Amino acid sequence: MTRSRGSARISRRGLLTGVAGLAGAGVGAAAVGLGVERESFDAEPARQTVEFYGRHQAGIITVPATHANYIGLDLVDPTDLGALAGVLTLWTQDGARLAQGIAALADPEPELATAPSQLTVTAGVGPRIFEDPRLASRRPSWLKPLPAFGIDRLQDQWKQTDLLLLIASDDPVALAHATRILTAEVRTIARVRWVQRGFRTARGTQPDSQTQRNLFGQIDGTEQPAAARQDELIWDDGAEQPWLAGGTSMVVRRIAMHMDTWEELDRENRELVIGRNLANGAPLTGTDEHDPVDLAKTVGGLPVIPASSHIARARRRADHEQYLRRAYNYDEPPAPPLPGQEPDTSNTGLIFSTVQRDPVRQFLPSQERLAEHDDLNVWTTPIGSSVYAILPGATPQVPLGGSLLRGL
Ligand code: HEM
């Protein structure tokens with residue numbers, strides 16, 4: 001607050017009492033005028049932490065933080081299991097510290113670690129590491145790329161990687177710092193292939209329990225597995241792969257949303273495409289967001305919720321077809337136009353990620369149905385796709401990946 005250079009020296013005391021010599025002190029005058037000296041500041045949100053250690057990793061079912069970086073990395077030598085163990089140990093040590101608001105072990109900017117704002121660090125492994133003969137028998141049966149879908153226009157820049165590092169925080173500075181530390185410290189062992197930067201409605205803007213809107217303006221995330229069924233639907237119990245007990249799987253699909261053509265649709269048609277209204281997310285057969293979806297209801301012989309709508313197609317056909325959807329928005333600068341083409345006005349979409357014990361059994365059936373037909377497909381295009389085994393949680397004694405690499 002005190003300006004020490006140049007002629008406009010303003011003492012803090014002067015500002016606080018509001019009688020600083022205002023002449024020649026433009027900045028000070030503005031600050032007094034805006035009432036900066038009277039601001040009340042609540043440091044609590046910045047100090048809030050999420051426990052890093054535990055049976056499950058944080059950042060999977062915890063309330064999603066406002067900002068997230070999904071980071072895909074490839075191992076320089078995927079056959080070097082010692083190097084893999086090294087990466088996961090570093091991420092454990094420094095992830096645990098940063099999540100508590102403590103600087104990383106060799107942190108060049110320790111001050112940036114002090115306001116974690118619910119920072120979480122979550123790590124997963126991709127299929128390629130299981131090509132190593134020593135790990136082959138430890139590969140979960142579902143850990144393989146999703147089949148190619150006719151709707152996909154996958155871009156190389158978002159392809160499957162060996163490792164997923166998901167860092168989230170309510171504060172973009174804490175997030176950038178943790179991203180820098182956790183990627184730079186492993187740079188000789190693992191190379192960053194992509195960073196997908198996502199955001200949600202800022203925490204504090206609405207209650208955590210309220211469903212958010214995506215950038216099409218839709219309330220997105222209403223239908224989710226019941227919390228009481230997380231052990232059954234989300235967390236692996238180690239039955240197939242004992243090392244995975246407490247872990248899970250994550251599908252990460254980058255889906256472009258075509259703003260220009262979506263905005264050409266009138267409101268009624270936008271609602272019919274999804275099967276829910278835009279005002280409060282109620283199904284077209286109800287009045288409140290959480291009213292039951294009635295796909296059988298007809299008016300004048302026509303279904304109220306079209307059979308081709310997004311929710312009618314996505315909706316589970318069997319009880320086990322359930323998974324947690326944790327989408328983040330992305331909104332990047334539009335790509336430069338190709339010669340002779342009209343420029344795009346947006347580069348917007350969802351980092352659509354889902355969490356489930358077994359993606360083949362729980363997730364794939366609905367993705368196959370949507371690929372076959374979904375009215376929403378006209379306005380959305382999947383451009384990235386990957387699948388990861390999310391490691392079981394770490395303890396201060398056993399780092400991430402400890403059970404996976406035990407005895408090797
Ligand atoms: C950019 C792409 C997408 C957008 C904008 C989108 C948007 C929405 C919206 C607005 C809803 C209704 C509210 C809700 O229950 O959350 C919904 C429901 C749903 N979506 Fe999506 N979605 C997208 C992609 C996907 C994909 C790729 C899948 C799965 C493969 C999927 C699966 C579901 C499921 C399972 C539901 C709940 C259906 C129900 O049982 O009512 N969505 N989505």
Side-chain angles (χ1 to χ4, degrees), residues 64 146-147 149-154 196 198 200 210-226 233 249-259 261-263 265 267 270-286 288-296 304-331 346-356 359-387:
L146 295 177
F149 303 108
I151 51 170
D152 288 356
R153 298 289 177 270
L154 302 186
Q196 302 196 38
R200 297 168 57 91
Q210 193 173 320
T211 319
Q212 300 208 347
R213 289 182 189 270
N214 61 33
L215 294 173
F216 275 171
Q218 304 155 340
I219 294 196
D220 186 354
T222 303
E223 190 72 36
Q224 298 282 21
L233 294 166
S249 77
M250 188 177 285
V251 173
V252 181
R253 307 250 308 154
R254 188 172 180 87
I255 307 180
M257 292 165 43
H258 308 301
M259 303 302 288
T261 49
W262 177 254
E263 288 159 0
L265 264 192
R267 197 170 170 96
R270 281 187 259 162
E271 294 179 334
L272 287 167
V273 163
I274 291 292
R276 288 180 175 269
N277 77 30
L278 284 160
N280 66 355
L284 297 180
T285 50
D288 291 320
E289 183 191 350
H290 293 284
D291 282 352
V293 169
D294 183 357
L295 296 178
V304 176
I305 298 176
S308 53
S309 66
H310 182 65
I311 63 166
R313 299 292 297 167
R315 202 164 182 77
R316 61 179 177 272
R317 302 286 200 267
D319 181 66
H320 66 264
E321 285 182 24
Q322 295 193 59
Y323 44 88
L324 185 69
R325 285 176 291 135
R326 276 175 77 89
Y328 275 84
N329 307 298
Y330 72 81
D331 192 35
S346 68
N347 179 358
T348 299
L350 283 186
I351 306 167
F352 176 85
S353 75
T354 70
V355 182
Q356 57 283 302
V360 170
R361 186 173 140 80
Q362 294 167 249
F363 169 78
L364 192 55
S366 58
Q367 178 61 88
E368 280 172 335
R369 274 196 304 278
L370 293 180
E372 190 185 281
H373 185 89
D374 171 6
D375 287 346
L376 186 62
N377 288 345
V378 174
W379 298 276
T380 59
T381 307
I383 56 172
S385 184
S386 43
V387 183

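Counting starts at 1 for both ligands and their atoms, in listed order. All values derive from a computational prediction rather than experimental measurement.
- Less than 4.0 angstrom separates some heavy atom of N214 from each of these atoms of ligand 1: 5 (C).
- For the salt bridge (charged side-chain N to carboxylate O under 4.0 Å, His left out) condition, the pairs that include at least one residue of residues 364-386, sequence neighbours left out, are R313-E372, E321-R369.
- The pair R200-D220 fails the salt-bridge criterion, with no side-chain N (NZ, NE, NH1 or NH2) lying under 4.0 Å from an Asp/Glu carboxylate O.
- Of the listed residues (D291, T222, I274, V304), just one forms a side chain to side chain contact (heavy atoms under 4.5 Å, CB included) with P283, and that residue is D291.
- Across N377, I255, D374, heavy-atom proximity to atom 1 (C) of ligand 1 is greatest for I255.
- Within the listing of ligand 1, atoms 1 (C) sit less than 4.0 angstrom from a heavy atom of M257.
- Of the N or O atoms in S366, none lie within a sub-3.5 Å distance of an N or O in ligand 1.
- Looking at Q218 against ligand 1, only its side chain comes within 4.0 Å, counting heavy atoms.
- In terms of protein heavy-atom proximity, atom 32 (C) of ligand 1 is closest to Y323 OH, 3.5 Å.
- For the pair G221 and ligand 1, a heavy-atom separation below 4.0 Å is found.
- Within ligand 1, the atoms closer than 4.0 Å to a non-hydrogen atom of F363 are 29 (C), 30 (C), numbered from 1 in the order shown.
- In this structure, the side chain of Q362 engages the main chain of Q322 through a donor-acceptor pair within 3.5 Å.
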Legend entry - Derivation and outcome, side-chain contact (heavy atoms from CB on, under 4.5 Å), residues Y330 and N347: CA-CA 8 Å; Y330 72 81; N347 179 358; 3.6 Å; yes
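- Only side-chain heavy atoms of T380 come within less than 4.0 Å of ligand 1; its backbone N, CA, C and O stay farther off.
- The aromatic rings of F363 and Y323 stand perpendicular to each other, their planes meeting at an angle above 60°, with 30° marking the opposite boundary.
- You'll find the side chain of N329 reaches within 4.5 Å of the side chain of L350, heavy atoms only.
- If you number the atoms of ligand 1 from 1 as listed, the ones under 4.0 Å from a heavy atom of R315 come out as 39 (C), 40 (O), 41 (O).
- Here the straight-line distance linking atom CH2 of W379 with atom CZ of R270 works out to 10.5 Å at 0.5 Å rounding.
- The shortest side-chain heavy-atom distance between R326 and F352 does not fall under the 4.5 Å cut-off.
- Just one residue in the list V293, T285, I305, I219 forms a side chain to side chain contact (heavy atoms under 4.5 Å, CB included) with R276, and that residue is V293.
- Here S249 pairs with Q356 under the side chain to side chain donor-acceptor pair (under 3.5 Å) rule; sequence neighbours left out.
- Residue, atom and distance of the protein heavy atom nearest to atom 13 (C) of ligand 1 are I219 O, 3.4 Å.
- Protein atoms that are N, O or S and lie under 2.8 Å from atom 21 (Fe) of ligand 1 are these: H310 NE2.
- Remark: T211 engages E289 in a side chain to side chain donor-acceptor pair (under 3.5 Å) (not counting sequence neighbours).
- Distances below 4.0 Å separate heavy atoms of Q367 from the following atoms of ligand 1: 27 (C), 30 (C).
- With hydrogens and angles disregarded, no donor-acceptor distance shorter than 3.5 Å links the side chain of R361 to the backbone of P359.
- For atom 14 (C) of ligand 1, the closest non-hydrogen atom of the protein is T222 N, 3.2 Å.
- Heavy-atom proximity to atom 12 (C) of ligand 1, evaluated over R276, R313, Q212, is greatest for R276.
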